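Worth saying up front: this structure is predicted, and the values here are computed from it rather than measured.
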Amino acid sequence: MASSPSVLLSSPPPTAKDGSRFIDSNYLQKQSHVPANFKWPEEDAASAQEELNAPVVDLEGFFNGDVVATENAAKLIRSSCLRHGFFQVTNHRVDADLIQLAYDHVDDFFNLPIEEKIKVQRRPGSPYGYSGAHMDRFSSNLPWKETFSFAFQNGPEKTVADYFKFTISKDFEQTGLVYQKYSEAMHSLSLSIMELLAIGLGVDRMLYREFFEDAVSIMRTNLYPTCQEPNLSLGTGPHCDPNALTILHQDLVGGLDVFVDNKWHKVRPVLGALVINIGDVFAALSNGIYRSCLHRAAVNSHKERRSLVFFMCPRADKVVKPAEELVRKSEGGTRKFPDFTWSDLLEFTQNHYRVNETTLENFTDWFLSADRSNFKPKHFKTSH
């Protein structure tokens, strides 16, 4: 299929006082055609035609201490993680009213004028702050979205609430309190999921819960505006998350796709469910036994989409290495990845590499390289 001609922006994007240009959802949804730097390769943007038949795991028995139900849940999760690293959970004990309240506050920030949003723009090398289509980092294959990310650490200090109140403004004090509670709920659920992952792998049940107890995670809100040519662009391109575990709540608009059996599959939103996927850090902790989930976010022409995402990450200095029994169980009985820390992987993904499906393999090469400044990726996508 011949590619359509490059389309320039119909009007210049907003300009800051320093001359920098920024794009947000308000600007994107006014575009009648997809600008050239927002177009994705056809093999990446091709529409998913089938729905993914992934398990929906009921956690009620696990939380009630039912041994049989816990084993069954762990088996379901294991089968998914061996194949594609993706599943959904229900009866997760995250209050539905809290989830709705978190959505109610999404627009409080995104509806601000662009001049206000860029005051908390993401800084180079940092995963935190506001980003409009990642124009601060990339010039092509730009995502059709805007995001706002902030740090969460479990403990007596209210890191999220304080960030909203003192970094944005006192007007966002209530928003900060909502996202503080939401992040605490996500952290608690993540630790429970870690128990089930451990049971499925046959290691000590508390191994990963204890490893991630002091996690410093990333909470993110996403806004995907409507796009008049949705077959040409993507809200988020194909990638595996570099962190350990991701918990997503997507609204009922839909748009999440997962790559399984050499093709993209739609993930139909399940009312009340939370979406879980394995990331690169946990793939390394399992010595490659569990798969990091390859996924993307599609856009549509009729309704904007929002999502809430919690990325569980280890504390920056924690050493990521698999349990010895997992190395013995692995093919060949050898280590697949070197010991590394989350700060090492974050340095790679924030300053040297754009995450995709081969991030972990290329990170390994970079990490072991004697000359990192001249590193060139050797691993490239082959499945799509």
Query raised in the report: What's the spacing between Glu60 CD and Thr90 OG1 if we round to 0.5 Å?
Result: 9.0 Å
Query raised in the report: Minimum heavy-atom separation for Arg354 to Pro143, with atom names?
Result: NH2-CD, 4.1 Å
**Report entry** Side-chain donor-acceptor pair present, Gln153, Thr159, cut-off under 3.5 Å
**Finding:** no
Query raised in the report: So which heavy atom on Trp40 is nearest to which on Gly237, and how close?
Result: CH2-CA, 3.4 Å
Requested in this report: Flag the pair Arg306 and Asp251 as a salt bridge only when some basic side-chain nitrogen lies within less than 4.0 angstrom of an acidic carboxylate oxygen.
Outcome: no
Requested in this report: Give a yes-or-no answer on whether the side chains of Asn356 and Thr358 include a donor-acceptor pair shorter than 3.5 Å.
Outcome: yes
**Report entry** Gap between atom OG of Ser188 and atom NE2 of His92 - 0.5 Å precision
**Finding:** 12.5 Å
Query - Inter- and intrachain pairs under ring pair (Phe, Tyr, Trp, His ring centres under 6.0 Å), touching residues 196-218, at least two apart - result: Tyr208-Phe282
**Report entry** Lys75 atom NZ, neighbour heavy-atom count above 12 within 6.0 Å
**Finding:** no
Query raised in the report: In Å, rounded to the nearest 0.5 Å, how long is the span from NE2 of His239 to CZ of Phe259?
Result: 14.5 Å
Query raised in the report: Taking everything shown except Lys318 itself, do over 12 heavy atoms lie less than 6.0 Å from its NZ?
Result: yes
Query raised in the report: Testing Phe375, Phe340, Tyr353 for ring pair (Phe, Tyr, Trp, His ring centres under 6.0 Å) with Phe363, which one passes?
Result: Phe340
Requested in this report: Begin from the C-alpha positions of Arg122 and Arg137 and carry the test side chain to side chain contact (heavy atoms under 4.5 Å, CB included) through to its verdict.
Outcome: CA-CA 10 Å; Arg122 198 164 70 176; Arg137 290 193 64 191; 3.5 Å; yes
Requested in this report: Would you confirm whether Gln180, through its side chain, and Ala161, through its main-chain N or O, come within 3.5 Å as a donor-acceptor pair?
Outcome: yes
Report task. Step through it carefully: locate the ring centre of Tyr179, locate the ring centre of Tyr163, and say whether they are under 6.0 Å apart. Result -> no
Report summary line: All heavy atoms of Arg220 vs all of Pro127, minimum pair found to be NH2-O, 4.2 Å
Requested in this report: Evaluate the side-chain proximity of Phe310 to Ser190: yes if any heavy-atom separation is below 4.5 Å, no if none is.
Outcome: yes
Requested in this report: Check which hydrophobic residues are tied to Val267 through side-chain heavy-atom contacts below 4.5 Å, counting indirect links as well, and list them.
Outcome: Leu52, Phe86, Tyr128, Val216, Ile218, Leu248, Leu256, Val258, Val260, Val275, Val309, Phe311
Report task. Count the heavy atoms of every other residue, nucleotide or ligand shown that sit under 6.0 Å from CD of Gln100, and state whether that count exceeds 12. Result -> yes
Query raised in the report: Does any non-hydrogen side-chain atom of Ser79 lie less than 4.5 Å from one of Phe87?
Result: no
**Report entry** Close side-chain approach of Trp144 to Phe38, heavy-atom, < 4.5 Å
**Finding:** yes
Query raised in the report: Can you tell me how far the OG atom of Ser131 sits from the CG atom of Asp24, to the nearest 0.5 Å?
Result: 11.5 Å
Query raised in the report: Given the rule that I, L, V, M, F, W and Y join up when any side-chain heavy atoms are under 4.5 Å apart, are Leu274 and Val56 in one cluster?
Result: no
**Report entry** Spacing of Thr349 atom OG1 and Leu360 atom CG [to the nearest 0.5 Å]
**Finding:** 11.5 Å
Query - Donor-acceptor contact present, side-chain Glu229 to main-chain His33, <3.5 Å - result: no
Query raised in the report: Between Phe367 and Leu345, is any pair of side-chain heavy atoms under 4.5 Å apart?
Result: no
Query raised in the report: Passes side chain to side chain contact (heavy atoms under 4.5 Å, CB included), Asp97 versus Leu101? Steps please.
Result: CA-CA 6 Å; Asp97 290 339; Leu101 198 55; over 6 Å; no
Requested in this report: Show your working on side chain to side chain contact (heavy atoms under 4.5 Å, CB included) between Thr221 and Leu308 and close with a plain yes or no.
Outcome: CA-CA 5 Å; Thr221 59; Leu308 307 168; 3.9 Å; yes
Query raised in the report: Which is it for Lys170 and Glu173 under the salt bridge (charged side-chain N to carboxylate O under 4.0 Å, His left out) test, yes or no, and what are the steps along the way?
Result: CA-CA 5 Å; Lys170 289 184 178 180; Glu173 183 174 4; over 6 Å; no
Query raised in the report: Under the 3.5 angstrom rule, does the side chain of Arg93 hit a backbone N or O of Leu189 as a donor-acceptor pair?
Result: no
Query - Asp344 (side chain) donor-acceptor with Thr341 (main chain) under 3.5 angstrom - result: yes
Query raised in the report: Less than 4.5 Å apart, any side-chain heavy atom of Thr226 and any of His302?
Result: no
Query raised in the report: Could you give the distance from CG (Asn231) to NZ (Lys39), rounded to the nearest 0.5 Å?
Result: 10.0 Å
Query - Pairs touching residues 268-293 that satisfy salt bridge (charged side-chain N to carboxylate O under 4.0 Å, His left out), sequence neighbours left out - result: Glu51-Arg268
Query raised in the report: Taking the side chain as C-beta and beyond, is there a heavy-atom pair between Leu196 and Leu59 under 4.5 Å?
Result: yes
Requested in this report: Check whether the side chains of His134 and Asp136 place a donor and an acceptor atom closer than 3.5 Å, and report yes or no.
Outcome: no
Query raised in the report: Are Phe138 and Met135 connected, step by step, through hydrophobic side chains (Ile, Leu, Val, Met, Phe, Trp, Tyr) whose heavy atoms are closer than 4.5 Å?
Result: yes
Query raised in the report: Under 4.5 Å between side-chain heavy atoms, hopping through other hydrophobics if needed: is there a path connecting Ile114 to Leu223?
Result: yes
Requested in this report: Indicate, with yes or no, if Ile77 and Leu82 share a hydrophobic cluster defined by side-chain heavy-atom contacts under 4.5 Å among Ile, Leu, Val, Met, Phe, Trp and Tyr.
Outcome: yes
Query raised in the report: Would you call Met194 and Leu245 a side-chain contact if the rule is heavy atoms closer than 4.5 Å?
Result: yes
**Report entry** Asn287 side chain to Thr334 backbone, donor-acceptor under 3.5 Å
**Finding:** yes
Query - Student check: side-chain heavy atoms of Val34 and Cys227 closer than 4.5 Å - result: yes
Query raised in the report: How far apart are the closest heavy atoms of Ala102 and Tyr182, and which atoms are they?
Result: CB-CD1, 3.9 Å
Query raised in the report: Thinking salt bridges, do Arg296 and Glu357 make one under a 4.0 Å N-O criterion?
Result: no
Requested in this report: Please check if the side chain of Asn91 supplies one atom and the backbone of Asp58 the other of a donor-acceptor pair under 3.5 Å.
Outcome: no
Query raised in the report: Using 4.0 Å as the upper bound for N to carboxylate O, is an ion pair formed by Lys181 and Glu184?
Result: no
Requested in this report: Please answer whether the main-chain N or O of Asp66 pairs with a side-chain N or O of Thr70 as donor and acceptor at a distance below 3.5 Å.
Outcome: yes
Query raised in the report: Any donor and acceptor pair, going by atom type alone, linking the side chain of His249 with main-chain N or O of Ile247 inside 3.5 Å?
Result: no
Requested in this report: Decide whether Val270 and Leu76 are clustered together by the hydrophobic rule: side chain heavy atoms of Ile, Leu, Val, Met, Phe, Trp, Tyr closer than 4.5 Å, transitively.
Outcome: no
Query raised in the report: Do you know which two heavy atoms are closest between Trp264 and Ala46, and how far apart they sit?
Result: CD1-O, 4.4 Å
Query raised in the report: Does Asp317 come within less than 4.0 Å of Arg315, counting only side-chain N to carboxylate O?
Result: yes
Query raised in the report: Taking all non-hydrogen atoms of both residues, which atom of Ala198 and which atom of Asp204 are closest, and how far apart?
Result: CB-O, 3.5 Å
Query raised in the report: Within the distance-only criterion (no hydrogens, no angle test), does the side chain of Ser292 pair as donor or acceptor with the backbone N or O of Ala283 below 3.5 angstrom?
Result: no
Query raised in the report: For Leu326, does its backbone N or O pair with a side-chain atom of Ser330 as donor and acceptor, under 3.5 Å?
Result: yes
Query raised in the report: When the aromatic ring centroids of Phe109 and Tyr130 are compared, is their separation below 6.0 Å?
Result: yes
Query - Close aromatic pair by centroid cut-off 6.0 Å: Phe152 and Phe150 - result: no
